[in-house]
Each structure stands twice: as C-alpha cells, then as structure tokens.
Amino acid sequence: MKEPIKDRIDVLLEKAKNNDSYAQLQLAQCLKEGKWVEVSIEHAKYWAFKSASNGCPGAEKFYKSLYNK
C-alpha cells in the first residue's frame, strides 16, 4: 500500500534532520520542484547546502544550480 504524500515528506524531513545527506538532497529537490510541498528556493538552498556539507555526491552541483536562476 502506498504511503500518503504527507507521510512521505514527513519521513524525508525526519531523515534530513538526522543528517542523512541523501534525504537532504531529495528534500532540496522536492522544495525546488514543488513535489509534495510548496516551492521554496530558500529552503531548497538550505537543505542542498546541508547535503553538500555532509558529502552527498551531486549536492554541491545542485546547490550551485539554485543560484544560477
């Protein structure tokens, strides 16, 4: 059975808060694209920076792309 969308984003947010760098990047991407949540580039930047700081591959490139808009 599929999880409701709110449950999915809550799980992703909880993992991101617990320094899961991949979850942080996924959350940043969701925030940029408005997937499951309202678009927030500022929050996307925050989570992308955290992800890059935690060594997630691709996070630094994604973070920099948020400033090239």
Side-chain angles (χ1 to χ4, degrees):
M1 182 161 90
K2 286 189 170 184
E3 296 177 56
I5 291 171
K6 181 166 178 3
D7 289 345
R8 290 183 192 177
I9 201 67
D10 287 346
V11 168
L12 191 59
L13 180 59
E14 190 62 35
K15 287 181 179 182
K17 286 180 178 179
N18 286 316
N19 283 328
D20 179 324
S21 63
Y22 184 67
Q24 291 167 338
L25 180 57
Q26 284 185 305
L27 184 56
Q29 291 167 335
C30 288
L31 288 159
K32 178 187 177 240
E33 298 167 9
K35 183 178 180 183
W36 303 332
V37 294
E38 187 175 325
V39 171
S40 174
I41 299 302
E42 289 306 309
H43 285 107
K45 288 175 182 177
Y46 171 82
W47 287 112
F49 178 80
K50 295 272 285 178
S51 180
S53 296
N54 286 323
C56 184
E60 185 174 348
K61 183 178 179 180
F62 181 75
Y63 176 72
K64 288 179 181 178
S65 77
L66 295 170
Y67 284 92
N68 293 330
K69 294 278 173 193

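Computed from a predicted structure; not experimentally measured.
- Residues Leu12 and Cys30 come closest through the heavy atom pair CD2-SG, 4.2 Å.
- Annotation: the span from Leu13 atom CG to Leu31 atom CG amounts to 9.0 Å, rounded to 0.5 Å.
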Could you list the donor-acceptor pairs under 3.5 angstrom formed by side chains in residues 34-42, with sequence neighbours left out?
residue, atom, partner, partner atom, Å
Ser40, OG, His43, N, 3.2
Ser40, OG, His43, ND1, 2.7
Glu42, OE2, Lys45, NZ, 3.4

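- Judged purely by atom type and a 3.5 angstrom limit, Ser51 has no side-chain atom pairing as donor or acceptor with the backbone of Ala59.
- Every residue two or more places apart in sequence or in another chain that forms a side-chain contact (heavy atoms from CB on, under 4.5 Å) with Asn19 is listed here: Gln24, Lys50, Asn54.
- In the hydrophobic cluster analysis, where Ile, Leu, Val, Met, Phe, Trp and Tyr join through side-chain heavy atoms closer than 4.5 angstrom, Trp47 is grouped together with Ile9.
- Listed by chain and number, the residues in a ring pair (Phe, Tyr, Trp, His ring centres under 6.0 Å) with Phe62 amount to none (sequence neighbours excluded).
- Separating the OG atom in Ser65 from the CD atom in Gln29 is a distance of 9.0 Å, to the nearest 0.5 Å.
- Checked against salt bridge (Lys or Arg N to Asp or Glu O under 4.0 Å), Lys17 has no partners two or more places apart in sequence or in another chain.
- The minimum heavy-atom distance linking Ala16 with Leu27 is given by the pair CB-CD2, 3.9 Å.
- Nearest heavy-atom pair across Cys56 and Leu25 is SG-CD2, 3.8 Å.
- Among residues two or more places apart in sequence or in another chain, the salt bridge (Lys or Arg N to Asp or Glu O under 4.0 Å) test is passed with Glu14 by none.
- Within the structure, the salt bridge (Lys or Arg N to Asp or Glu O under 4.0 Å) test picks out the following pairs touching residues 53-63 (sequence neighbours left out): Glu60-Lys64.
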